[in-house]
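Reading through the structure tokens given below for one structure.
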Protein chains: 2
Amino acid sequence: MLARVSSAPTFKRLPRAIREQQMLDAAVRVFSRRGFHAASMDEIADDAGISKPMVYAYLGTKEELFVACLHREAARMMEAIAGAAAPDLPADQRLWRGLRAFFGFVGAYRDGWAVLYRQARGSQPFAGELAAMRARLVEVVAGMLDHALRAEGREVAETELEVVAYALVGASESLGDWLADHPDADPEKTATRMMNAAWLGAGQLLRGATWRPPAA
Amino acid sequence: MLARVSSAPTFKRLPRAIREQQMLDAAVRVFSRRGFHAASMDEIADDAGISKPMVYAYLGTKEELFVACLHREAARMMEAIAGAAAPDLPADQRLWRGLRAFFGFVGAYRDGWAVLYRQARGSQPFAGELAAMRARLVEVVAGMLDHALRAEGREVAETELEVVAYALVGASESLGDWLADHPDADPEKTATRMMNAAWLGAGQLLRGATWRPPAA
DNA sequence: GCGTAACCTTACGTACGAGTAGGTATGCTG
DNA sequence: CAGCATACCTACTCGTACGTAAGGTTACGC
């Protein structure tokens with residue numbers, strides 16, 4: 001029986017590499033609009049125009065599939081940022097280009113990035129992956145700041161540097177979330193605003209200005 | 001039969017109001033260590049030292065229970081912050097006290113706050129609740145900044161103010177996450193660092209200093 | 001001292017979704 | 001054009017956990 005009755009164009013067979021990408025695309029879409037748990041493998045398969053066992057054959061279990069999504073998106077993002085912020089530029093330019101690339105990425109892959117990212121924070125199995133990725137980012141930013149300060153002849157304790165870098169990355173992530181939630185907002189403008197706050201604030205801070213808590 | 005054999009103290013019957021609080025306590029614990037979906041109503045009931053139908057009778061379905069948790073924690077947090085940042089203090093004091101209260105709260109209710117908060121971002125049903133709560137916070141912070149600037153005779157467009165406020169709130173949330181992940185970190189110190197970045201950076205920014213993107 | 005209401009229980013129905021078994025078609029290599 | 005590996009399918013098993021039915025027990029008013 002096996003209804004091959006459909007008048008629809010009997011879908012072509014595709015090589016594994018391509019189908020895998022299609023599946024990942026579908027998985028990102030579904031994970032992002034449903035959340036990890038509410039997403040069903042059936043829906044993902046359906047969305048990819050394929051049947052469920054294929055997904056299992058190529059990408060493995062649901063968790064493995066999610067991790068694969070995470071890795072692909074993370075790699076894309078890191079590539080975009082690293083590619084934009086060439087190390088031979090002056091520091092403010094590097095930070096600016098990096099931020100612009102970051103927000104550009106978030107703007108382009110709105111549902112992709114934002115929700116994957118949001119999802120990954122909650123559930124134990126993926127928190128580690130995310131933490132590693134964030135650590136790499138923090139390191140890069142801290143390197144930028146350090147470079148800039150050395151050029152001015154200043155030096156700052158590593159811990160302090162890292163906290164500031166962490167704050168910058170955190171603020172950017174938050175504005176990334178904000179951007180993903182406001183489809184009509186402009187990534188470029190958002191990047192400019194972030195750059196303002198970052199450069200002015202962190203700049204002052206690392207240059208030695210401090211605010212001290214009152215005695216009370 | 002109905003094994004009332006346990007040598008444990010036959011648990012006293014308690015009035016509804018108290019049991020509800022115990023259930024909420026348990027729910028927060030379990031949600032925070034398992035995540036919304038992986039948490040089972042059975043485990044929550046067990047953790048509360050009560051049986052499942054009681055939970056349904058008092059707090060309703062799983063989603064309703066989670067929302068109840070969210071509301072209680074949010075209310076506690078807003079109260080802590082608002083109570084600390086009395087409106088008759090000078091602006092920097094208000095911001096400082098607010099931040100200190102915020103990080104103090106996060107530090108005290110580590111698993112409570114952080115994971116509830118992280119959970120709520122992912123799943124559709126709760127995103128709205130969280131957005132509303134954050135909006136209130138942003139409004140408060142924007143009010144503080146506005147107040148401070150008016151005192152100096154300056155005035156800033158409302159949109160701009162809101163974005164800065166959003167960035168501050170976002171950065172604080174991120175550092176809150178960080179704090180929740182580092183059990184040996186000091187809330188007070190974290191608050192000081194945040195205050196430094198916020199006051200110096202935002203202060204400059206709102207006072208008219210700007211960084212402009214290069215032509216290229 | 002007794003009923004009524006609120007508290008609390010064990011034990012189930014049921015649905016949904018992860019993962020699999022086993023079989024069919026199609027392109028490539030000789 | 002044989003045959004083999006790879007792409008692909010339908011249809012199932014089975015565990016898990018939400019939500020509920022129906023009944024037992026303690027406190028409190030009269």
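Proteins come first, then strands; the chains are lettered A, B, ... in the order of their sequence lines, and each starts at number 1. Values below: all heavy atoms of this structure, side chains included; hydrogens, waters and symmetry mates excluded.
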Euclidean distance, atom [atom1] of residue [X] to atom [atom2] of [N] [Å, nearest integer]:
X: Asp42(B); N: dT9(C); atom1: CG; atom2: P; value: 13 Å
X: Arg16(B); N: dA5(C); atom1: CZ; atom2: C1'; value: 14 Å
X: Ile44(A); N: dC16(C); atom1: CD1; atom2: P; value: 18 Å
X: Ile18(B); N: dA27(D); atom1: CD1; atom2: C1'; value: 15 Å
X: Glu43(A); N: dC16(C); atom1: CD; atom2: C1'; value: 14 Å
X: Asp46(A); N: dC16(C); atom1: CG; atom2: C1'; value: 16 Å
X: Arg34(B); N: dT16(D); atom1: CZ; atom2: C1'; value: 14 Å

field: Whether Phe36(B) and Phe31(B) hold their rings parallel, tilted or perpendicular, with breakpoints at 30° and 60°
entry: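 Correct class here is parallel.
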task: Mind checking salt bridge (charged side-chain N to carboxylate O under 4.0 Å, His left out) for Lys52(A) and listing every partner two or more places apart, or none if nothing turns up?
output: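 Partners of Lys52(A) under the salt bridge (charged side-chain N to carboxylate O under 4.0 Å, His left out) test: Asp42(A).
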field: Non-neighbouring partners of Arg29(A) that pass salt bridge (charged side-chain N to carboxylate O under 4.0 Å, His left out), sequence neighbours left out
entry: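 For Arg29(A) the salt bridge (charged side-chain N to carboxylate O under 4.0 Å, His left out) partners, ignoring immediate neighbours, are Asp47(A).
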task: Ignoring hydrogens and angles, answer whether the base of dA25(C) and the side-chain atoms of Arg13(A) contain a donor-acceptor pair closer than 3.5 Å.
output: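 When only heavy-atom distances are counted, Arg13(A) does reach the base of dA25(C) through a donor-acceptor pair under 3.5 Å.
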query: Looking at residues at least two apart in the chain, or sitting in another chain, which of them share a side-chain contact (heavy atoms from CB on, under 4.5 Å) with Glu43(B)?
result: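 side-chain contact (heavy atoms from CB on, under 4.5 Å) check on Glu43(B) returns Val30(B), Arg33(B), Arg34(B), Ser40(B).
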Which residues share a side-chain contact (heavy atoms from CB on, under 4.5 Å) with Glu79(B), sequence neighbours left out: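 Residues passing side-chain contact (heavy atoms from CB on, under 4.5 Å) with Glu79(B): none at all.
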message: What residues from residues 21-31 of chain A pass a heavy-atom cutoff of under 4.0 Å to DNA chain C?
response: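 Heavy-atom contacts with DNA chain C come from no residue of residues 21-31 of chain A; none.
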Considering only distance and modelled atom types, tabulate donor-acceptor pairs under 3.5 Å from the side chains of residues 167-175 of chain B, sequence neighbours left out.
unit_1, atom_1, unit_2, atom_2, d
Ser172(B), OG, Leu168(B), O, 3.0
Glu173(B), OE1, Arg134(B), NH1, 2.9
Glu173(B), OE2, Tyr117(B), OH, 2.7
Glu173(B), OE2, Arg134(B), NH1, 3.4
Ser174(B), OG, Gly170(A), O, 3.1
Ser174(B), OG, Gly170(B), O, 3.4

message: Base, sugar-phosphate or nothing for Ala39(A)? Non-hydrogen atoms, less than 4.0 Å.
response: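 Sugar-phosphate, no base atom in range.
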field: For DNA chain D, the residues among residues 51-62 of chain A that have a non-hydrogen atom under 4.0 Å from it
entry: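 Residues of residues 51-62 of chain A under 4.0 Å from DNA chain D: Ser51(A), Pro53(A), Met54(A), Tyr58(A).
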query: Just to confirm, is there a sub-4.0 Å distance from OP1 or OP2 of dA6(C) to any side-chain nitrogen or oxygen of Arg19(B)?
result: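 The answer is no; no side-chain N or O of Arg19(B) sits under 4.0 Å from OP1 or OP2.
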- request: Using ring-ring contact (aromatic ring centres under 6.0 Å, His included) as the criterion, list what pairs up with Tyr109(B), not counting sequence neighbours.
  value: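 With sequence neighbours excluded, Tyr109(B) shows a ring-ring contact (aromatic ring centres under 6.0 Å, His included) to Phe105(B), given in chain and number order.
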message: Could you work out, with ring-ring contact (aromatic ring centres under 6.0 Å, His included) as the rule, every residue matching His182(A), not counting sequence neighbours?
response: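 Counting only residues at least two positions away or on another chain, His182(A) forms a ring-ring contact (aromatic ring centres under 6.0 Å, His included) with Trp178(A).
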Side chain proximity check, Leu99(B) to Phe103(B), heavy atoms < 4.5 angstrom: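 In contact.
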